[in-house]
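Below, read A as the first sequence line, B as the second, and so on, with proteins coming before strands; counting in each chain starts at 1.
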There are 2 protein chains.
Amino acid sequence: MTILRSPRLADGTARGIPDATVARLPVYLRALNALTEQGVGSCSSIELAEKAGVNPAKLRKDLSYLGSYGTRGVGYDVEYLRYQIAREMGQTQDWEVVIVGIGNLGSALSAYQGFSTRGIRVAALVDADPQRVGSTVSGLTVSSLDDLDAIVADRSISIGVIATPGDAAQQVADRLVAAGVTSILNFAPALVQVPDGVDVRKVDLSVELQILAYHEQRKTGTDSKEPKVSNA
Amino acid sequence: MTILRSPRLADGTARGIPDATVARLPVYLRALNALTEQGVGSCSSIELAEKAGVNPAKLRKDLSYLGSYGTRGVGYDVEYLRYQIAREMGQTQDWEVVIVGIGNLGSALSAYQGFSTRGIRVAALVDADPQRVGSTVSGLTVSSLDDLDAIVADRSISIGVIATPGDAAQQVADRLVAAGVTSILNFAPALVQVPDGVDVRKVDLSVELQILAYHEQRKTGTDSKEPKVSNA
DNA sequence: CCTTGTGAAGCTGTTCACAGCC
DNA sequence: GGCTGTGAACAGCTTCACAAGG
C-alpha cells in the first residue's frame, strides 16, 4: 500500500499540494485581495511575500505547486493569481457550514464578518438546549440538534463547526458525521474521533495562550540562574 | 550573534524544548487532568498518547525533553508528570491577559470557561468604542483603550489578545507593545508587526475553514479522473 | 518481562542559490 | 537587468527499533 502523496502533475492541474502550502494559500489570497482594493495590478514575489509575512522563496515555492502563473523579470498579475489560488482552494463556490453550539463562541462565529468574503457561508445554527432553539442569532433561527440530518441534507452542507463544551464534542461529532458532514472544525477543548474520510481541524483557544505563557516565562527567567541572553 | 536553541541540559532543567513539543504539552496536561479526575494514578505512554491523540513514540520523545519522569517497565505517575509539565509550561502561576476589542468574539473570549483551569486569567477588557466603555461583560467593566498603559502596568499584564477588526489590529498591537505587553494572541484577520522580543501567535478563523474547504473540494473530486485512493 | 528513553533513519518543510526566461 | 521557478542543501520533526533499566 504505497501512499502516492506526490506533488506531481496529473493531467495539467497540480495535485498533492503540501499541507504547509495549503495552509498559507488563504493568506496569499487575503494579501492579493488587499492589493486589488488598492488598485495594484501586479506585484513581485518580494512585495507579496512581505504582505503575507513570509519569505519570498517560500512564496515562490508555494506558488510553483499550483503552476507557473508569474512572468519572469516582471512578477505576478494580481487578479490572475488571485483567481488561480481561489480556484485551487475551491473558493469559486461558496461552502455552507453549520455551527453546533450557540453559546458565546457559537454566536460570535455566526456573526463573524470575515467568512462571507472567503467563500464561507454560515447556513444553519444548531443547539441541543431547547431554551435556545427557536431564538434568532445573527439573522438565523437556531434549530434543534434533532433536525441536524434534515438541515445537512437539505442544504447539502459538508462542513460542521463544533462550538460546544468539551464533554459534548464527541457526541456532536458523531451526529455531524451521521448526518453526512465530512469536515469538522472543532473549537471544543476535547479530541474527537471520526471515521476515515472525515477531516477534523482543531482550534484550541487556551492552548494558544498557554504556548505564549511558556515563552513569556522563559523571557522573564523564572529560575534566574541563567546568564540572561538578550532574546534577539 | 549565535542563537543557542540547543535542547541541552543546563543545570538540571531541560532547556530549548522544540516548538512542536511545546505546542503539545498543554494537550498532555489536559489529558493528565482528565485522568486525575477519573482517579487514575498512573498510566503508560500508550494510554496517555491515545488520550492526547498522538503517537506513543512522539509522546515519549516530547517528555524526554523535560527529563526522565517515567519508570521503565511501569509508566508515568499521573500527578507527578502533570506537575512537571505544568511547571515547565509556567503554569504554577496564573497569567493575566487583557483582551482588546469587546465585540462578539472578545465577549465570547472573556466568558470562555476553559481559561481559568489552564492558568489563564482574563484580567481586563479594553475597547476603543466609547459606547462600549463602562459596560460590564462577563463581570468585568470595559475600559477605554486610552487607559491601557495604566491597566497593563497596574496588573503587570504581559499577554494581550487582539479581537478587533483587521484594520485596527496593527494600531492595537503598537499600543499593547508600548504599554509593555510582550506576548500577543491575534484573532484579527491581519498581520501585525512587532519589535524583537515580542511574540505573536495568530489564530485565523476563516483560514481554518478555507483549509477544510480545500480538502472537501478534493474529496468530492471536481475533476473526477483520479483512481480514488482510500484516504487511510 | 515490561515500558521508558533515545540514537538513527526517514520524512516534511524551509532556505539558498542559480539557471531559465521575459 | 530583473524576477520567476526549482534543484539541492539544510533544518526540524516524526517514527522506528532497540538498548537500558526498573
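Note: OH (A:Y65) to P (C:dG13) measures 8 Å, nearest angstrom. Protein atom NZ of B:K58 is 12 Å distant from nucleotide atom C1' of C:dC11, rounded to whole Å. One can place CG of B:L63 at 9 Å from P of C:dT4, the figure rounded to the nearest angstrom. To the nearest angstrom, P of C:dT4 lies 13 Å from OH of B:Y28. Per the geometry, CG belonging to B:L59 stands 10 Å off P belonging to C:dG5, to the nearest Å. In this structure, A:D62 places its CG atom 14 Å from P of D:dT4, rounding to the nearest Å. In this entry the distance linking CG of B:L66 with C1' of C:dT4 reads 14 Å, nearest Å.
OP1 or OP2 of D:dG5 lies within a sub-4.0 Å distance of a side-chain N or O belonging to A:Y76.
No donor-acceptor pair closer than 3.5 Å links the side chain of B:K61 to the backbone N or O of B:P56. Judged purely by atom type and a 3.5 angstrom limit, B:W95 uses its side chain to pair as donor or acceptor with the backbone of B:G90.
Among the nucleotides D:dC13, C:dT14, C:dC22, the one closest to any side-chain atom of B:D19 is D:dC13. Here the side chain of A:R60 is nearest to one of D:dT14, C:dT6, D:dG5, namely D:dG5. The nucleotide whose nearest atom lies closest to any side-chain atom of B:P18 is, among C:dT15, C:dG13, D:dC13, D:dC13. Looking at the side chain of B:S64, the nearest of the listed nucleotides C:dT15, C:dG5, C:dG13 is C:dG5.
Checking A:N104 against B:Y112 by side-chain atom types alone, no donor-acceptor pair falls below 3.5 Å. Side-chain atoms of B:E96 and B:S156 form no donor-acceptor pair, as typed in the model, at a separation below 3.5 Å. B:T92 and B:R87 share no side-chain donor-acceptor pair at under 3.5 Å.
Proximity of B:L109 to B:V122: side-chain heavy atoms (C-beta onward) are nowhere separated by under 4.5 Å.
DNA chain C is contacted by B:S44, B:S45 of residues 44-53 of chain B, taking any non-hydrogen atom closer than 4.0 Å.
In terms of position on DNA chain D, the residue among A:G73 and B:N55 whose nearest nucleotide sits closer to the 5' end is A:G73. Of the two residues near DNA chain C, B:G70 and A:R24, the one whose nearest nucleotide lies more 5' is B:G70. Comparing B:V74 and A:T71 against DNA chain C, the residue whose closest nucleotide sits nearer the 5' end is B:V74.
If one axis is set at each end of the helix from C:dC1-D:dG22 to C:dC22-D:dG1 from five pairs, those axes are 0° apart, to 10°.
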Next on the checklist: Applying side-chain contact (heavy atoms from CB on, under 4.5 Å) to B:Q91 and B:L29, what does each step give before you reach the verdict?
Outcome noted: CA-CA 10 Å; B:Q91 230 183 267; B:L29 218 34; 3.4 Å; yes
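At a cut-off of 3.5 angstrom, the base of D:dG5 holds no donor-acceptor pair with the side chain of A:R72.
The pair B:R30-A:D204 counts as a salt bridge, with a side-chain nitrogen and a carboxylate oxygen less than 4.0 angstrom apart.
Shown here is B:K202, whose NZ atom has more than 12 heavy atoms of other residues, nucleotides or ligands within 6.0 Å.
Residues that satisfy the ring pair (Phe, Tyr, Trp, His ring centres under 6.0 Å) test with B:Y83, not counting sequence neighbours, are absent from this structure.
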